[in-house]
Amino acid sequence: MKIPWPARFSDAFGSEQTSITRVDGPNVGLRIRGFDFFGLPSDLQPVQPLPPDARVALSDNGYLRNYVLEWRVPVLLDHASGTTQDGCLYLRLEEVTEIAAVLRTGGAEYRARWIQDRSDEALGDLRENLPADLRLRSCHSCALAEYPAHAYFDFGSLGCFRDTPDEVLGERVSLWGLWPKLTELVSETYLCPQHQPGGHRGVVGNVGVPNLWTVDHLDEPLSEAPPQPE
């Protein structure tokens with residue numbers, strides 16, 4: 001997986017360009033105002049204790065709160081003809097529970113039509129809006145992955161079962177019953193060499209708030225050096 005991923009972090013203290021420089025399963029690492037954070041995009045924690053005057057807002061249990069995180073991920077898309085092409089997937093997470101998705105590829109832009117509550121729904125909405133002969137290749141569209149029953153989190157709760165492909169591909173309804181044979185949790189945008197087209201995900205939920213997010217600012221070149229603490 002190619003990194004860094006250009007990103008922008010915004011909260012009450014302002015907005016700054018940064019990048020996701022580490023991806024470990026469902027977790028990401030990035031630097032915000034000179035300090036390193038790690039975790040799910042919706043559950044970021046400082047790697048080291050922060051000084052009292054650090055310009056970020058933390059919850060009582062030490063997680064970042066009240067922020068917007070936007071980032072850009074390189075992806076592959078499959079054509080029905082058997083060819084592939086590169087694309088960029090743009091994701092926006094606001095207040096932990098509002099997610100927008102936009103895809104740019106081949107000079108065209110496709111988007112989730114609505115602001116969604118979960119990454120599963122946002123990516124499902126986006127995939128429904130793609131041309132019929134174009135498919136996003138990622139863990140979210142893999143037949144060897146599934147969410148736990150009745151437990152949909154914002155990002156990174158997608159279970160990978162690539163170590164038991166024969167059993168997984170023989171299951172016709174849902175994979176959650178195979179949870180004891182889980183290989184690992186993965187990010188929805190991850191991709192491994194064992195990808196199998198298919199999957200049970202992508203049910204569109206919210207259809208109330210249109211997705212009007214613009215993404216051009218995430219195409220700006222990355223800064224040479226991250227901001228340092230004052």
Side-chain angles (χ1 to χ4, degrees), residues 1-75 88-102 112 115-123 138-140 151-158 184-190 206 209 211-230:
M1 178 175 288
K2 297 179 180 179
I3 53 175
W5 298 341
R8 182 170 292 274
F9 177 85
S10 305
D11 64 3
F13 295 98
S15 180
E16 70 174 49
Q17 183 189 37
T18 182
S19 61
I20 292 174
T21 56
R22 177 185 174 191
V23 180
D24 184 1
N27 299 304
V28 299
L30 68 161
R31 195 165 177 83
I32 300 169
R33 302 195 178 107
F35 303 102
D36 293 322
F37 288 79
F38 186 72
L40 299 178
S42 56
D43 289 307
L44 293 168
Q45 287 184 298
V47 174
Q48 301 290 338
L50 299 182
D53 59 350
R55 297 175 65 248
V56 294
L58 297 180
S59 64
D60 292 341
N61 56 359
Y63 290 92
L64 273 177
R65 60 184 178 89
N66 301 329
Y67 65 92
V68 176
L69 181 63
E70 305 165 286
W71 69 103
R72 185 183 85 206
V73 184
V75 294
C88 280
L89 177 64
Y90 301 78
L91 296 166
R92 184 180 194 270
L93 177 70
E94 180 175 2
E95 296 294 335
V96 178
T97 59
E98 295 185 357
I99 301 171
V102 174
I115 302 297
Q116 297 290 351
D117 296 328
R118 303 180 179 97
S119 54
D120 177 39
E121 295 168 345
L123 292 174
S138 71
C139 287
H140 187 261
Y152 289 82
F153 300 101
D154 302 310
F155 281 94
S157 60
L158 186 58
E184 63 176 339
L185 293 175
V186 293
S187 166
E188 287 82 352
T189 56
Y190 187 64
N206 180 29
V209 182
N211 174 18
L212 303 178
W213 178 42
T214 59
V215 300
D216 288 340
H217 59 288
L218 289 177
D219 289 324
E220 298 172 2
L222 289 172
S223 302
E224 294 184 1
Q228 297 299 313
E230 297 178 358

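Between F9 atom CZ and T18 atom OG1 the span is 9.5 Å, to the nearest 0.5 Å. How far CG of L93 is from CG of L69: 6.5 Å, rounded to the nearest 0.5 Å. With rounding to the nearest 0.5 Å, the separation of CD1 in I115 from CD1 in I99 is 9.5 Å. Taking CG of L158 as the reference point, atom OH of Y190 lies at 12.5 Å (rounded to 0.5 Å). Summarising the geometry, atom CD belonging to Q17 is positioned 9.0 Å from atom CG belonging to L218; distances are rounded to the nearest 0.5 Å.
When all heavy atoms are compared, the tightest approach of L91 to A101 is CD2-CB, 3.8 Å. Of all heavy-atom pairs between P4 and T21, the closest is CB-CG2, 4.2 Å. The shortest non-hydrogen separation linking E188 to S119 is OE2-OG, 2.9 Å. The two atoms that bring P41 and Y67 nearest to each other are O-OH, 2.7 Å, heavy atoms only. Taking all atoms of both residues into account, the shortest heavy-atom contact from F13 to A57 is CE1-N, 4.0 Å. When every heavy atom of L58 is checked against every heavy atom of R65, the shortest pair comes out as O-NE, 3.1 Å.
Side-chain atoms of N211 never come within 3.5 Å of backbone atoms of A100 as a donor-acceptor pair (strictly under, hydrogens ignored).
In this structure the side chain of R72 reaches within 4.5 angstrom of the side chain of D219, judged on heavy atoms.
Considering only residues two or more places apart in sequence or on other chains, S59 meets the side-chain hydrogen bond (donor to acceptor under 3.5 Å, both in side chains) condition with N61. Every residue two or more places apart in sequence or in another chain was checked for a ring-ring contact (aromatic ring centres under 6.0 Å, His included) with Y90, and none qualifies. Listed by chain and residue number, R22 satisfy the salt bridge (charged side-chain N to carboxylate O under 4.0 Å, His left out) test with D24 (two or more places apart in sequence, or in another chain). The side-chain hydrogen bond (donor to acceptor under 3.5 Å, both in side chains) search around Q45 returns none, not counting sequence neighbours. Every side-chain hydrogen bond (donor to acceptor under 3.5 Å, both in side chains) that D216 has, sequence neighbours left out, goes to R104. With sequence neighbours excluded, the residues satisfying side chain to side chain contact (heavy atoms under 4.5 Å, CB included) with V68 are S10, E70, R92, E94. Under the rule for a side chain to side chain contact (heavy atoms under 4.5 Å, CB included), the partners of N27 that lie at least two apart in sequence or sit in another chain are F38, L40. Under the side chain to side chain contact (heavy atoms under 4.5 Å, CB included) criterion, P49 pairs with no residue at all, not counting sequence neighbours.
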Test side-chain contact (heavy atoms from CB on, under 4.5 Å) on V102 and T214 and set out the steps. CA-CA 9 Å; V102 174; T214 59; over 6 Å; no

I would like to know whether W5 and L89 meet side-chain contact (heavy atoms from CB on, under 4.5 Å); could you show each step before the answer? CA-CA 10 Å; W5 298 341; L89 177 64; over 6 Å; no

Mind running side-chain contact (heavy atoms from CB on, under 4.5 Å) on I32 and L64 for me, showing each step along the way? CA-CA 11 Å; I32 300 169; L64 273 177; 3.7 Å; yes

Decide yes or no on side-chain contact (heavy atoms from CB on, under 4.5 Å) for V56 and F37, but give the supporting numbers first. CA-CA 11 Å; V56 294; F37 288 79; 4.3 Å; yes

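Donor-acceptor pairing under 3.5 Å is recorded for the side chains of S187 and T189.
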